[in-house]
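For reference, the structure discussed in these notes is given below.
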Protein chains: 2
Amino acid sequence: MVKITDVARHAGVSPSTVSYALSGKRPISEETRQRIEASIRELGYRPHAGARALASSRSNVLALVVPLRAGIHVPVVMQFAVSVVTTARRHDHDVLLLTQEEGEDGLRRVADTALVDALIVMDVQLHDRRLPLLRALDRPSVLIGFPSEPKGLTCIDLDFQAAGEACVEHLAGLGHRVIALVGSPPEVYVRETGFAQRVVRGFTAAADRHGLSSSVHPCEAAPGAARQVAEQLLRERPALTGVVVHNEPIVEPLIEAFEQLGLRVPGDLSVTAICPDELADGTRVPVTSIAIPSAEVGATAVELLMKKLGGATVPEATLLPPRLTVRASTAPRP
Amino acid sequence: MVKITDVARHAGVSPSTVSYALSGKRPISEETRQRIEASIRELGYRPHAGARALASSRSNVLALVVPLRAGIHVPVVMQFAVSVVTTARRHDHDVLLLTQEEGEDGLRRVADTALVDALIVMDVQLHDRRLPLLRALDRPSVLIGFPSEPKGLTCIDLDFQAAGEACVEHLAGLGHRVIALVGSPPEVYVRETGFAQRVVRGFTAAADRHGLSSSVHPCEAAPGAARQVAEQLLRERPALTGVVVHNEPIVEPLIEAFEQLGLRVPGDLSVTAICPDELADGTRVPVTSIAIPSAEVGATAVELLMKKLGGATVPEATLLPPRLTVRASTAPRP
DNA sequence: GCGTGATGTCGAAGCGCTTCGACGGGCGAA
DNA sequence: TTCGCCCGTCGAAGCGCTTCGACATCACGC
């Protein structure tokens with residue numbers, strides 16, 4: 001293994017000079033730097049990560065805690081993770097993957113052993129058990145999702161309430177007067193994941209504001225359940241012309257159910273969804289939707305973390321504004 | 001931060017004794033060990049990862065390189081990753097997440113800086129550009145998938161050839177005489193990913209062995225393409241009664257296409273697939289399938305790596321036997 | 001001509017841990 | 001009784017890097 005002393009000798013300088021040339025923490029003459037860089041290339045020098053971490057008390061590694069639970073849309077998690085890794089690399093950091101399963105002990109472990117400099121925690125619940133620990137830890141963290149009490153933490157997510165509102169605005173703008181929200185499975189609300197309730201809140205508030213008749217319907221993430229909800233809606237709310245779906249797996253089945261029940265989309269019924277773009281684009285009738293901007297959330301989370309590592313203070317809450325993409329599933333009220 | 005000298009002082013022993021008590025590399029009297037463990041608990045001691053890595057030249061971190069490419073079924077990757085993390089933790093290791101995008105430089109970087117002790121590389125192609133590097137690296141690695149020349153490497157994957165065969169055996173056992181394989185998109189074969197060809201080979205060999213009439217049809221991963229293939233099959237091979245699908249996204253669309261064309265599954269047509277169990281179970285007609293055992297592959301990959309790190313030699317090729325689960329989509333020939 | 005402040009470089013002291021050689025005491029074999 | 005050996009423990013020497021203080025050099029203003 002070639003080490004910093006080898007480079008120093010080869011370049012005719014002291015090890016500390018090499019170190020400073022690499023880190024830029026002290027001025028080094030252009031000429032010396034050139035010589036050092038040439039030596040580094042020639043010898044193929046790579047600083048030892050452990051030694052660096054020990055001496056500088058910075059590992060240049062971020063922890064990413066991913067959820068395992070059922071009901072989480074896996075591609076979104078993956079996209080998020082990839083975006084975190086990519087952005088972290090841009091800041092010369094690597095990413096350690098942890099699973100929810102490891103729980104608080106896992107967080108404590110990687111933080112206390114100085115394996116990581118900072119943490120990103122996905123799928124934060126309203127009353128997440130990890131919150132006290134995250135507040136107490138001596139390393140910065142960023143949470144994806146909003147707990148009920150974000151004081152002292154840094155949180156980021158899509159603004160789900162605004163997303164719910166935006167869907168309603170869009171439908172209202174098209175003249176719809178009777179609308180429904182087909183939501184996530186009941187357990188998601190019980191679990192207090194926050195974002196599901198926020199959609200409901202935004203949906204209801206906007207509907208009220210526009211004087212629309214609205215209703216909310218939790219729904220299991222299975223095609224059969226979608227069919228049932230569709231039937232129920234036709235039965236109980238025959239004047240319905242607008243639907244907002246916040247439940248990835250049933251977007252397509254729900255539309256099909258409506259069509260099999262004789263409603264054309266968007267001819268008789270307009271449908272909008274809050275879901276990843278790939279999903280909205282991949283259905284037979286492309287769906288007007290608000291994207292889950294997982295890549296953007298991931299990148300922003302890393303940027304926030306970098307600022308915190310740099311000693312800057314960042315806002316406690318970062319809400320990404322929803323962006324609605326109009327596709328083929330919505331039309332003016334018939 | 002509490003360090004090993006603090007523990008040593010508190011327990012009335014020397015730092016090296018604490019170290020040996022922790023690592024078990026030298027005998028320590030039961031009594032002393034007890035005392036040390038008590039001190040560790042009381043002080044909340046956690047060894048510094050960087051210091052440990054520096055002194056022992058073991059970071060206890062594994063690199064996991066995940067693919068990004070389109071056409072890869074994301075949930076499978078995620079499931080695999082989770083399984084790797086879980087198994088690694090069981091061996092007191094952590095997992096660093098790398099993306100394919102980083103390429104050879106990324107591999108070299110984490111290996112040369114001693115950030116990781118070993119590597120797991122997913123989605124290995126037949127003529128993967130990373131192979132020479134992996135062979136040359138001074139740390140062990142395990143590949144998921146088989147290159148054309150696995151000499152000097154350690155590879156593991158589902159035995160896709162046997163999987164193709166098993167599907168045919170199943171259909172043949174049910175009396176089917178005319179069968180077809182609906183495969184992956186053409187570019188997958190061009191890309192030389194190996195596993196797709198292996199399925200074809202197994203399929204064809206088994207069909208020949210049983211004297212069945214067989215054909216192979218690459219297919220894009222889109223519902224429209226599924227429909228086209230279905231029509232083509234009905235037109236060109238009217239006696240067809242058995243189909244093997246190796247293309248996750250179109251399993252369901254293909255079955256639907258057949259049914260819309262007037263064929264009942266499994267009444268008129270038996271369908272088997274090679275796909276994740278969740279997918280096979282989630283369709284309207286649950287599909288008889290051979291699972292992609294991602295969790296098992298991940299766990300086994302880690303175990304192999306641990307053996308290699310322990311100095312043991314492991315087989316170059318590990319092929320996981322296919323397991324066929326009979327569901328509702330196959331029946332005896334009408 | 002001299003103090004002053006950058007500028008560029010060096011040497012040495014750690015960072016916290018592992019590991020090697022050494023050593024004292026107890027035990028069985030001779 | 002003595003020799004040798006194993007067991008349990010200690011001290012010290014690193015592992016490869018960063019960083020702090022020191023120092024020499026040079027340009028500048030007065």
Side-chain angles (χ1 to χ4, degrees), chain A residues 1-37 39-40 43-61 92 109-117 138 309, chain B residues 1-37 39-40 43-61 92 109-117 138 309:
Chain A
M1 178 189 198
V2 29
K3 37 199 177 194
I4 201 170
T5 50
D6 300 327
V7 176
R9 196 177 319 116
H10 188 271
V13 296
S14 82
S16 53
T17 303
V18 176
S19 178
Y20 285 123
L22 246 36
S23 70
K25 294 194 177 170
R26 283 197 185 176
I28 297 291
S29 72
E30 185 54 27
E31 183 208 330
T32 309
R33 188 205 316 291
Q34 298 285 349
R35 207 145 30 86
I36 291 175
E37 279 170 8
S39 299
I40 288 179
L43 302 179
Y45 167 68
R46 300 277 198 171
H48 187 287
R52 204 191 259 257
L54 178 56
S56 67
S57 47
R58 276 296 179 90
S59 66
N60 276 31
V61 174
D92 196 31
R109 182 174 58 81
V110 294
D112 288 355
T113 61
L115 225 192
V116 306
D117 295 335
D138 59 337
L309 281 172
Chain B
M1 180 190 196
V2 28
K3 37 198 176 193
I4 202 170
T5 50
D6 300 328
V7 176
R9 197 176 321 117
H10 188 272
V13 297
S14 81
S16 51
T17 304
V18 176
S19 178
Y20 286 125
L22 246 35
S23 70
K25 293 193 178 170
R26 282 197 185 176
I28 298 290
S29 72
E30 185 53 28
E31 183 208 331
T32 308
R33 188 206 315 292
Q34 298 285 349
R35 207 145 28 87
I36 291 175
E37 280 171 8
S39 298
I40 288 179
L43 301 179
Y45 167 69
R46 299 278 199 170
H48 187 288
R52 203 191 260 257
L54 177 56
S56 67
S57 48
R58 276 297 180 89
S59 66
N60 276 33
V61 174
D92 197 30
R109 182 175 57 83
V110 295
D112 287 355
T113 61
L115 225 194
V116 307
D117 295 335
D138 59 338
L309 282 172

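Chain naming here is simple, since letters A, B, ... match the order of the sequence lines and numbering starts at 1 in each.
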Stepwise side chain to side chain contact (heavy atoms under 4.5 Å, CB included) test for B/Arg58 and B/Leu309: CA-CA 10 Å; B/Arg58 276 297 180 89; B/Leu309 282 172; 4.2 Å; yes

How close or far is atom [atom2] of [N] from atom [atom1] of [X], stated in whole angstroms?
| X | N | atom1 | atom2 | answer |
| --- | --- | --- | --- | --- |
| A/Leu54 | C/dT18 | CG | C1' | 12 Å |
| A/Arg52 | C/dC17 | CZ | P | 21 Å |
| B/Leu22 | C/dG16 | CG | P | 16 Å |
| B/Ile40 | C/dC17 | CD1 | P | 10 Å |
| B/Ile36 | C/dT18 | CD1 | C1' | 14 Å |
| B/Arg33 | D/dG8 | CZ | P | 9 Å |
| B/Ile28 | C/dT18 | CD1 | C1' | 13 Å |
| A/Met1 | D/dG16 | CE | P | 6 Å |

A/Ala51 vs B/Thr32, nearer the 5' end of DNA chain D by closest nucleotide: B/Thr32

Treating [X] as the side-chain partner and [Y] as the backbone partner, does any N or O pair qualify as donor plus acceptor under 3.5 Å?
| X | Y | value |
| --- | --- | --- |
| B/Arg46 | A/Thr113 | no |
| A/Ser59 | A/Leu115 | yes |
| A/Asn60 | A/Asp92 | yes |

With sequence neighbours excluded, residues passing side chain to side chain donor-acceptor pair (under 3.5 Å) with A/Gln34: A/Glu30

For the student: nearest non-hydrogen atoms of B/Ala51 and B/His48, plus distance: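 Here B/Ala51 and B/His48 meet closest at N-ND1, 3.1 Å.
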
Axial bend angle, the helix from C/dG1-D/dC30 to C/dA30-D/dT1: five-pair end segments, nearest 10°: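 That helix has its two terminal axes inclined by roughly 40°.
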
Touch class at under 4.0 angstrom, heavy-atom based, for A/Pro47 against every strand present: sugar-phosphate

Sugar-phosphate, base or nothing in reach of B/Ser57, heavy atoms under 4.0 Å: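 No contact.
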
With B/Glu31 via salt bridge (Lys or Arg N to Asp or Glu O under 4.0 Å) - residues at least two apart: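 Partners of B/Glu31 by the salt bridge (Lys or Arg N to Asp or Glu O under 4.0 Å) criterion come out as none, since no residue qualifies.
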
Pairing residues for A/Arg26 by the salt bridge (Lys or Arg N to Asp or Glu O under 4.0 Å) criterion, not counting sequence neighbours: none

Sub-4.5 Å side-chain heavy-atom contact between B/Tyr45 and B/Leu22: yes

Interface residues of residues 2-9 of chain A with DNA chain C (non-hydrogen, below 4.0 angstrom): none

Distance in Å, B/His10 NE2 paired with B/Arg35 CZ, rounded so as to fall on 0.5 Å steps: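 Output value for this atom pair is 11.0 Å.
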
Given A/Ile4, A/Asp6, A/Val7, A/Val2, the one that forms side-chain contact (heavy atoms from CB on, under 4.5 Å) with A/Ile40: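 Answer after filtering A/Ile4, A/Asp6, A/Val7, A/Val2: A/Val7.
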
Detail all sub-3.5 Å separations between protein N/O atoms and N/O atoms belonging to nucleotides 19-23 of chain D.
unit_1: D/dT19; atom_1: OP1; unit_2: A/Lys25; atom_2: NZ; d: 3.3
unit_1: D/dT19; atom_1: OP2; unit_2: A/Lys25; atom_2: NZ; d: 3.1
unit_1: D/dC20; atom_1: N4; unit_2: A/Tyr20; atom_2: OH; d: 2.6
unit_1: D/dG21; atom_1: N7; unit_2: A/Arg26; atom_2: NH2; d: 3.2
unit_1: D/dG21; atom_1: O6; unit_2: A/Arg26; atom_2: NH1; d: 2.2
unit_1: D/dG21; atom_1: O6; unit_2: A/Arg26; atom_2: NH2; d: 3.4
unit_1: D/dA22; atom_1: N6; unit_2: A/Arg26; atom_2: NH1; d: 3.4

